[in-house]
Amino acid sequence: MSTKSRLEAQALRAHHGPHEVLKGIDIALPAGSFTVIVGPNACGKSTLLRSLAQLHPSSGGSVLLDGHPIAHYRPRDRARLLAVLPQGAEAPEGIIVANLVARGRHPHRSLFQPWTAADQSAMEAAMEAAGVSQLAERTLESLSGGQRQKVWIAMALAQGADILLLDEPTTFLDLSHQIDVLELCSALNCAGKTIVAVLHDLNQAARYASRLVVMRAGEILAQGLPEDLLTPGFIDEVFHVPCIVIADPLTGKPLIVPKRAALAN
Amino acid sequence: MTRTPLAIVIGALVLLAASLIALTLGARPIAAGEWLAILHEGRGNEAAEIVLGLRLPRVLLGAMVGAALGLAGAVIQLATRNPLGDPGLLGINAGASLALILGTDLIGLAGPQAATWLAACGALGAVLAVQALAGARSSSNPIRLTLAGVAITALCIGIGQAVALSDPERFDLVRNWRVGALSGATGAILPSVTLAWLVGTLLTLALAPRLDLLALGDDRAASLGVAVRPVRLGSLIAVVLLAGSAVAAAGPIAFIGLASPHIARRLGGIGAAAHLPLSGLIGAALVVIADTLGRIAMPPAEVPVGIVAGLLGAPILILLARRRNAAA
């Protein structure tokens, strides 16, 4: 893994109204890494992701994209390097998959410029990579939640950005679709994308992340390899869940097994 | 992506057909033979005077007003992600109308051109009032925005009625700005109406691709490189100019802005940038058709286009509301 960081925050602060949600975050995302951010609800995970992408105004500190302050980029140039999948998908009624993915080409097109062969091939490659080519003519409403999420990922890929920020991409999906989406992220990561995702499931985080970032109350408690961070004592401290940690029999990664209160001792 | 130019052509043909019918029908119908004579000889006979002198300006004005309302409705629906977006429902037309009713003295002093800008100011005031009433996060809650719009509409109409009824002289002056009619526009107001319409239309078309992305949500649009705030501000200016020009020319006409974008979507699919021009074309055709219906429905009286639009549009609103309920 290269140690050059694509995206970096220094002493990053952010507010929701009067409430300080990020209290000085230092984080560096190396090129080609798959970083997963975990932490209790309302710890600032989503705000961190949104602040890194300039979707949420920061109230202090700095964000560097490829070594330059991100605010200095034109929005269009930034969009060619960095794609975000925010929570809460909205799409116009009746839109078909191909048309939605095509909208990902926006940062590469100028006003009144016709759709080019390059746009078309980028769109097709994105749908192919996300495994949604055969859904191209379907309407978004007719798809399952997991398929929809893959379509949104295809749109981000059509954008041509190397860095993907995904805010809870597996929430509201059933288990098989969660695995589908995570496997897709993992494949994209192997193909060279730098990925940052907010996840809730610690076992999934441990399994897929090359780097884990643990947050609590607007601060980063620890970051590093999942196998180094996820100890029973640490998990109890952050999530207040007594547990044991065993090695995942398939991957050797940490597997967290919560204890049951009734059976404790 | 191939459907869009075809849909634009269809929209233009519908508008052309509606215009030809509007030119032909009326208290004095124009026969096919008379059409040939007009095309060959131009002005000079009675039929030509009726078609070119009376009906053509009215059709052109109707098309302009309708296009403004259709575009404004489409912009509001995209920018607020509110399928019930319409300058009539959101109080914008009523605000413009009220400004005109209150401002008759000012227009008398400053000349008829002032009416357009006064209407645009009224529209802006209504937009700001509706947003203040709906709260800061109204873009995420279409119901609040619509309710605020209904409240502001009622307030503006109420004040306008009270002012107009208390002053008979003013009542006569502002009749056309209360109901919505194409018969009352004077030529004197046209330069400013045309200017506001042109600027609003060009601004809308320039914003079209970005507005299209705004419909995916602010975060997603921003992450695609759209500068959300400037686009919102630009759409606000466009809507205010379009609604202002429409109301100054023809008074408040509801439902055209609501229905046109939905019909455009049915006709053209969701083919990105073509949605806005198509909404404008359909709005133009709808107003021309509604005005023609109003002229021929109960001769010799004319039903103002605003009332015809209300009669035709209310069922459309109910249909949309029912369909959304069924979908939810």
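Convention: sequence-line order gives letters A, B, ...; per-chain numbering from 1.
Summarising the local packing, CD of Gln10(A) is surrounded by more than 12 heavy atoms from other residues, nucleotides or ligands at distances under 6.0 Å. Within 6.0 Å of CG in Leu198(B) there are more than 12 heavy atoms belonging to other residues, nucleotides or ligands.
Counting heavy-atom pairs closer than 4.5 Å to chain B, the top-ranked of the candidates Val84(A), Leu85(A), Leu55(A) is Leu55(A). Contact count versus chain A (heavy atoms, under 4.5 Å) is highest, among Ala227(B), Ala222(B), Gly217(B), for Ala222(B).
Using a 4.5 Å cut-off between heavy atoms, Leu224(B) touches chain A through backbone and side chain atoms alike. Contact of Leu100(A) with chain B is made through the side chain alone, with heavy-atom distances under 4.5 Å. Using a 4.5 Å cut-off between heavy atoms, Arg80(A) does not touch chain B at all.
Under the 4.5 Å side-chain criterion, counting only non-hydrogen atoms from C-beta, His106(A) is not in contact with Asp212(B).
A distance of 8.0 Å separates OG in Ser223(B) from CZ in Arg78(A), rounded to the nearest 0.5 Å.
When every heavy atom of Gly225(B) is checked against every heavy atom of Ala79(A), the shortest pair comes out as N-CB, 3.5 Å.
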